[in-house]
Amino acid sequence: MTDNTVPALSPAAAPQDEVARRNAQLEKLTEAYGNPFDITRFDKTHAAAAIKEEFAQLANGEKTDTRVSVAGRVMAIRNGGMFIVILDDSDRLQIFHDIKHVPPERAELLNLVDLGDIIGVTGIVRRTPRGEITVDAENLTILSKALEPPPEKFHGLKDVDARFRHREQDLVATPRTRETLRARYKMVAAIRQFLYERGFLEVETPMLHTLAGGAIAKPFVTHHNALDMPLYMRIAPELHLKRLVIGGLSEKVFEINRCFRNEGLSPRHNPEFTSLELYEAYVDFTAMIEITEAIIYHVAVTLHGSGKVMFDEKEIDFTPPWPRLGMVDLIKTHTGVDFDGLTDVEAARAAAQKIGVQTMPGLSWGQVVEAVFGEKVEDRLIQPTHVVDLPKEISPLAKAWPDRPHVAQRFETYVNGWEIANAFSELNDPREQRARFMEQAEQKRGPDDPPHPIDEDFIKALAFGMPPMGGLGVGIDRLGMLMTDSKSIREVIAFPTMRPDEG
RNA sequence: GACCUCGUAGCUCAGCUGGUAGAGCAUCUGACUUUUAAUCAGAGGGUCGCGGGUUCGAAUCCCGCCGGGGUCACCA
């Protein structure tokens with residue numbers, strides 16, 4: 001700010017390269033008006049949406065005497081700077097400069113504004129004759145200079161690779177991305193609020209485990225230097241959450257946080273994903289059915305004002321109650337095969353084979369049923385459905401029915417063919433739990449799978465006495481997909497896992 | 001990991017069976033001025049993902065690699 005004279009534009013010095021040109025703009029700006037990056041604050045009085053709302057009744061061509069200060073990113077410059085459109089986190093807003101009468105110093109500053117810059121403007125609100133709420137600028141400040149150009153203004157960023165790698169650009173350029181991610185975070189907040197109101201305590205349990213338990217999945221392995229031992233990124237928080245209830249920290253706990261599974265990526269799988277897990281003492285899995293329906297219905301109503309949500313041109317109705325159908329019964333309905341009558345594993349495998357489902361030798365009856373369900377039924381469960389009576393063999397942490405020992409007191413909820421919730425009456429008999437873990441350790445899912453370790457700390461915790469309780473897990477990302485009509489899990493994760501873009 | 005498919009200007013895309021790279025937006029110059037994907041005239045901008053091969057000649061055909069998407073495998 002040493003000199004107030006308007007620096008002359010030298011066409012000869014006009015850089016060919018856009019980034020170089022913007023750097024030159026920054027130099028001119030710094031010279032004449034000070035370094036924009038030295039600015040530390042701008043006192044906004046209004047969000048763009050707030051102005052549009054406050055003056056919704058203003059007639060075309062009508063002017064107010066209301067002075068506002070607004071700030072945002074420059075999205076469009078029309079008529080040589082006469083109209084500038086900015087975007088803040090609420091909406092777009094048009095800024096007007098009367099080019100013919102603007103003081104020369106500001107005219108020069110206006111020339112230094114580029115698409116993508118962050119500007120602050122103070123001025124008077126009016127509605128143009130064409131009907132656009134506009135701020136007639138009395139003052140303009142370039143608060144930050146964009147040294148790289150924004151994506152194309154109309155088509156935005158289409159390249160999905162670029163969209164996920166440069167999410168900040170995607171957010172600026174793609175309204176849908178802003179809507180989707182905002183809806184996802186609003187959904188998470190709604191779930192937290194719902195659970196707080198019902199007396200659940202939100203807790204935190206370790207992400208680094210000495211043993212990856214609570215589910216069966218390949219963990220990410222890391223190493224602790226000082227302790228010189230391997231640590232595993234958690235695949236589920238389940239066992240620690242139960243230990244908090246055992247200790248009586250709260251009879252109702254939940255955690256919404258990341259889990260990590262070192263497995264394939266797909267439109268429905270990201271290596272790190274978010275789950276809700278909750279535990280409530282003194283209730284069984286039927287209470288989990290009710291709370292699952294209540295949470296998800298609450299989310300739908302919060303986001304859409306209704307239990308009915310469009311996904312992929314299908315209407316999904318989350319209004320409770322949802323049907324509860326047995327896994328074996330569903331298989332019977334869709335294939336005609338009744339696995340209840342096929343208690344012999346080899347007979348079950350043969351029946352599966354007959355309807356085109358290959359299974360590996362050595363599987364349990366429950367694993368065969370699970371495989372058939374996965375191939376023949378899952379995809380057809382579009383409307384919310386609780387699949388109940390899952391085989392005990394695939395439910396190592398769930399209580400079995402006393403009168404039906406091969407069936408667990410468990411359900412999985414399916415929507416649009418995806419499993420989005422999984423819950424059971426939690427097994428609290430330490431002797432039985434040890435036996436289940438031993439069985440699980442022996443069961444080989446694939447030839448290369450390592451034996452599953454037994455979590456002795458958890459068994460010991462059960463031996464200390466765990467109240468009967470219900471537990472529930474909900475896949476937050478998939479629920480977010482359903483609520484935002486997103487076909488890929490990457491759409492609802494701000495920064496999905498990507499390979500580095502090199503070479 | 002396997003298969004299919006895509007990768008061209010900063011962005012969005014075109015480029016047929018091989019003939020030596022184009023448009024719109026953005027940028028620059030000029031005009032115009034109450035526009036809203038502003039408009040009009042002109043200009044600059046490309047190791048066609050990378051590397052190799054076939055060919056007189058490759059963005060185009062072949063092989064390998066890198067990156068993305070999809071399907072499968074994997075996945076409580």
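Order of the sequence lines fixes the chain letters, A, B, ..., with proteins taken first and strands second; residue numbering starts at 1 for each chain.
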More 5' along RNA chain B: A:F96 or A:A76, using each one's nearest nucleotide?
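Whichever sits nearer the 5' end wins; that is A:F96.
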Pick the closest RNA chain B nucleotide for A:S395 and for A:N79 by heavy atoms, then say which residue is nearer the 5' end.
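Its nucleotide being nearer the 5' end, the pick is A:N79.
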Which salt bridge (charged side-chain N to carboxylate O under 4.0 Å, His left out) pairs, counting each pair once, include a residue from residues 151-162 of chain A, with sequence neighbours left out?
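Sorted pair list: A:D161-A:R165.
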Within this structure, what is the NZ-to-P distance between A:K158 and B:rC25, rounded to whole angstrom?
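Rounding to the nearest Å, NZ of A:K158 and P of B:rC25 are 16 Å apart.
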Protein-nucleotide distance (A:E272, atom CD; B:rC75, atom C1'), rounded to Å:
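To the nearest whole Å, that distance equals 17 Å.
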Taking Watson-Crick (N1-N3 plus N6-O4 or O6-N4) and G-U wobble (N1-O2, O6-N3), each under 3.5 Å, can you produce the dot-bracket string of RNA chain B? Use [ ] for crossing pairs and | for inter-strand ones.
(((((((..((((.....[..)))).(((((.......))))).....(((((..]....))))))))))))....
A:I191, A:L472, A:V253 screened by side chain to side chain contact (heavy atoms under 4.5 Å, CB included) with A:L278, the one that passes
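It is A:L472; the other options fail the test.
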Quiz question: going by heavy-atom distance under 3.5 Å, is there a donor-acceptor pair between the base of B:rC11 and the side chain of A:H155?
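No.
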Under 4.0 Å between a side-chain N/O of [X] and OP1 or OP2 of [N], yes or no?
X      : N      : value
A:R490 : B:rG69 : yes
A:K153 : B:rA26 : yes
A:R78  : B:rU34 : no

Can A:R234 and A:E255 be counted as an ion pair, charged N to O under 4.0 angstrom?
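A salt bridge links A:R234 with A:E255.
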Check this for me: does any side-chain nitrogen of one of A:D136 and A:K63 sit under 4.0 Å from a carboxylate oxygen of the other?
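Looking at A:D136 and A:K63, the cut-off is met.
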If we ignore hydrogens and angles and just use 3.5 Å, is the side chain of A:K145 paired with the main-chain N or O of A:L112 as donor and acceptor?
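Yes: the side chain of A:K145 pairs with the backbone of A:L112.
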Roughly how many Å apart are B:rU8 and B:rG46, using the P atom of each and rounding to a whole number?
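To the nearest whole Å, 16 Å.
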Between B:rG10 and B:rC28, how many Å separate the two C1' atoms, rounded to a whole number?
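After rounding to an integer number of Å, I get 15 Å for this pair.
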For atom CD of A:E168, decide whether the heavy atoms of other residues, nucleotides or ligands shown that lie under 6.0 angstrom number more than 12.
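Atom CD in A:E168 is crowded, with more than 12 foreign heavy atoms closer than 6.0 Å.
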Of the nucleotides B:rU34, B:rU36, B:rC28, which one has an atom closest to the side chain of A:R21?
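Output: B:rC28.
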